[in-house]
Each structure stands twice: as structure tokens, then as C-alpha cells.
Asks: 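A single structure is presented below for examination.
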Amino acid sequence: MQAIKFLIKSITVSAVVLLSAFSCTKMTPEQKLALQQKEIAEIVAKAQTLVLDNKVLEATKILEEAYVKYGEDFSIYQALANAYNASEKFTESAIYFEKAADMNKEASELYLFAATAYEAAKTYPSAIIAYRKYLEFAPKSSVAWKSLSKCY
């Protein structure tokens with residue numbers, strides 16, 4: 001049964017490769033972007049599963065490869081931050097949380113995550129900056145104010 005599934009999958013992949021090689025139509029920029037976003041989503045989902053399975057090094061590896069291939073991307077940054085956080089590499093985690101937050105201001109809580117990670121790494125000047133960035137979006141956050149005061 002597995003051999004049949006493998007054979008069907010191989011034939012399907014071969015057919016797709018042949019069709020794309022001989023196709024006269026080219027992908028539009030929108031189609032290319034949609035395909036790239038789909039590929040990134042699949043990589044991020046795989047990495048998240050690996051982190052949950054405690055295979056953090058493997059997750060960070062595929063995410064770093066995705067970063068090299070696709071460049072700056074919010075979901076890659078966020079997934080890298082979570083993977084580094086899971087492996088207790090807090091400085092790296094904080095850097096990627098900040099990069100993700102810089103790309104998507106609607107995800108301002110990522111500044112709080114960055115600040116917490118910097119604090120865990122005992123990088124207090126960077127934690128202060130990240131807490132201040134978060135407080136620009138949530139000025140009434142007692143948690144952030146309290147944590148910020150501990151960094152001085």
C-alpha cells in the first residue's frame with residue numbers, strides 16, 4: 001500500500017514538473033507572491049511542529065534556511081523568535097521578536113516578548129528599549145511598567 005502511495009506521489013510530482021517546464025504561461029507577480037507565502041506558511045508550520053516535538057535545533061535550521069531563501073518575513077521572524085526562546089537562546093529570540101514587531105505594528109505584544117527575552121538574557125539596556133517601544137502601544141500596561149522598573 002505504501003509503495004502505491006509513493007508511486008502515485010512520484011507520478012504526480014513528475015507531472016507537475018513536466019507541465020511547468022513546458023507551460024507557455026508565466027506566473028504573474030501576484031501568483032509568485034502567493035506561492036512564496038504558501039511555501040513560507042508550510043515551513044513555519046513544520047518548524048512549529050518540530051518545536052513542539054522538542055526538535056528545536058532542526059526547527060531553527062529550517063527557519064534560518066527559509067530566511068536565507070525568502071529574506072525578511074514576519075512569520076519567519078516570529079517562528080525563529082519562538083524557536084530560539086524554546087532553546088533558551090534569549091538574545092537571539094529577542095532580536096527576532098523585535099524584527100517581527102518592527103514589520104507588523106499590529107503585533108506590538110512582540111515588543112513585550114522581546115523585552116522579556118532581553119531581560120532573561122540579562123541584557124537590560126535592550127530590555128528597557130523594547131519595554132519602551134511596547135509602552136508606546138500600551139501605555140497603561142502595568143505589567144510592562146513594573147518589568148521596566150526592574151531593569152534599572
Side-chain angles (χ1 to χ4, degrees), residues 2 5-6 8-10 12-13 16-17 19-20 25-152:
Q2 288 180 338
K5 286 181 181 178
F6 176 76
I8 291 172
K9 190 180 263 187
S10 297
T12 304
V13 169
V16 169
V17 169
L19 285 174
S20 63
T25 61
K26 292 187 178 185
M27 292 178 71
T28 66
E30 294 81 13
Q31 290 171 323
K32 287 180 184 178
L33 181 61
L35 179 62
Q36 179 177 322
Q37 289 172 339
K38 181 182 178 215
E39 290 171 356
I40 290 171
E42 289 170 356
I43 291 167
V44 167
K46 180 178 180 180
Q48 290 169 335
T49 301
L50 289 168
V51 168
L52 291 174
D53 290 340
N54 206 25
K55 297 178 181 176
V56 180
L57 290 176
E58 192 176 337
T60 55
K61 182 181 178 203
I62 67 167
L63 289 166
E64 287 170 353
E65 289 170 356
Y67 172 69
V68 169
K69 181 176 180 180
Y70 298 107
E72 294 186 354
D73 181 82
F74 172 78
S75 58
I76 292 173
Y77 283 160
Q78 189 174 12
L80 269 168
N82 288 320
Y84 281 126
N85 202 54
S87 64
E88 297 183 359
K89 293 183 178 179
F90 298 118
T91 302
E92 292 88 342
S93 174
I95 289 167
Y96 283 107
F97 276 131
E98 263 193 296
K99 286 183 175 203
D102 288 342
M103 290 186 81
N104 183 354
K105 299 299 182 188
E106 291 180 18
S108 61
E109 72 279 358
L110 296 178
Y111 286 124
L112 182 62
F113 300 161
T116 305
Y118 280 129
E119 195 174 349
K122 298 186 184 338
T123 313
Y124 297 111
S126 296
I128 290 168
I129 292 168
Y131 278 124
R132 286 184 178 168
K133 285 181 181 180
Y134 176 70
L135 287 165
E136 289 176 19
F137 297 94
K140 295 181 181 182
S141 171
S142 61
V143 171
W145 282 111
K146 198 178 294 184
S147 297
L148 175 62
S149 70
K150 291 178 186 176
C151 292
Y152 285 102

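Computed from a predicted structure; not experimentally measured. Computed from heavy atoms alone, side chains included, the values below leave out hydrogens, waters and symmetry copies.
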Asks: Looking only at non-hydrogen atoms, find the nearest pair between Glu98 and Ala114 and report the distance.
Replies: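 It is CG-CB, 3.7 Å.
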
Asks: Looking at Ala79 and Val44, what are the two nearest heavy atoms and their distance?
Replies: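 Closest approach of Ala79 to Val44, heavy atoms only: CB-CG1, 4.0 Å.
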
Asks: Less than 4.5 Å apart, any side-chain heavy atom of Tyr131 and any of Thr116?
Replies: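 Yes, their side chains come closer than 4.5 Å.
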
Asks: I need the Phe113 CZ to Ser108 OG distance, nearest 0.5 Å.
Replies: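 Output value for this atom pair is 9.5 Å.
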
Asks: Please determine whether the number of non-hydrogen atoms from other residues, nucleotides or ligands lying under 6.0 Å from atom CG of Asn54 exceeds 12.
Replies: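 Atom CG in Asn54 is not crowded, with 12 or fewer foreign heavy atoms closer than 6.0 Å.
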
Asks: Under 4.5 Å between any side-chain heavy atoms of Thr123 and Thr91, yes or no?
Replies: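 Result yes, sub-4.5 Å side-chain heavy-atom pair found.
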
Asks: Can you see which heavy atom on Glu109 is nearest to which on Tyr134, and at what distance?
Replies: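 It is CA-CE1, 3.8 Å.
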
Asks: Tell me whether the centres of the aromatic rings in Tyr67 and Tyr77 are closer together than 6.0 Å.
Replies: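 Yes, close enough.
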
Asks: Roughly how far, to the nearest 0.5 Å, is NZ of Lys133 from OH of Tyr111?
Replies: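 That separation rounds to 5.0 Å.
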
Asks: State, to 0.1 Å, how close Ser93 and Ala117 come at their nearest heavy-atom pair, and which atoms those are.
Replies: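 Looking at all heavy atoms of both residues, the shortest contact is OG-CB, 4.1 Å.
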
Asks: Working to the nearest 0.5 angstrom, can you tell me the gap between Ile76 CD1 and Lys99 NZ?
Replies: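 Answer for the CD1-NZ pair, Ile76 versus Lys99, is 11.5 Å.
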
Asks: Look up atom CD1 in Ile40 and atom CD in Gln37, then write down how far apart they are to the nearest 0.5 Å.
Replies: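 Going from CD1 on Ile40 over to CD on Gln37, the span is 7.0 Å.
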
Asks: What residues form a salt bridge (Lys or Arg N to Asp or Glu O under 4.0 Å) with Lys105, not counting sequence neighbours?
Replies: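 Partners of Lys105 by the salt bridge (Lys or Arg N to Asp or Glu O under 4.0 Å) criterion, ordered by chain and then number, come out as Asp102.
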
Asks: Distance from Ser75 atom OG to Tyr70 atom OH, nearest 0.5 Å?
Replies: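 The OG atom of Ser75 sits 10.5 Å away from the OH atom of Tyr70.
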
Asks: Run through Leu63, Leu50, Asp53 and flag the one making a side-chain contact (heavy atoms from CB on, under 4.5 Å) with Glu58.
Replies: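 It is Leu50, the one option of Leu63, Leu50, Asp53 that forms the side-chain contact (heavy atoms from CB on, under 4.5 Å) with Glu58.
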
Asks: Nearest 0.5 Å, what's the CD-CG distance between Gln36 and Asp73?
Replies: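 With rounding to 0.5 Å, CD (Gln36) is 7.5 Å from CG (Asp73).
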
Asks: With side chains defined as the heavy atoms from C-beta onward, is the minimum distance between Glu119 and Tyr124 less than 4.5 Å?
Replies: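 Touching, per the 4.5 Å side-chain cut-off.
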
Asks: Do Asn82 and Gln48 have side chains that approach each other closer than 4.5 Å (heavy atoms only, starting at C-beta)?
Replies: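 A side-chain contact under 4.5 Å is absent here.
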
Asks: Would you tabulate the side-chain donor-acceptor contacts of residues 136-152 under 3.5 Å, counting partners in other chains and residues two or more places apart, or write 'none'?
Replies:
| residue | atom | partner | partner atom | Å |
| --- | --- | --- | --- | --- |
| Ser141 | OG | Ala144 | N | 3.2 |
| Trp145 | NE1 | Pro139 | O | 2.7 |
| Ser147 | OG | Val143 | O | 3.0 |
| Ser149 | OG | Lys146 | O | 2.6 |
| Tyr152 | OH | Arg132 | NH2 | 2.3 |

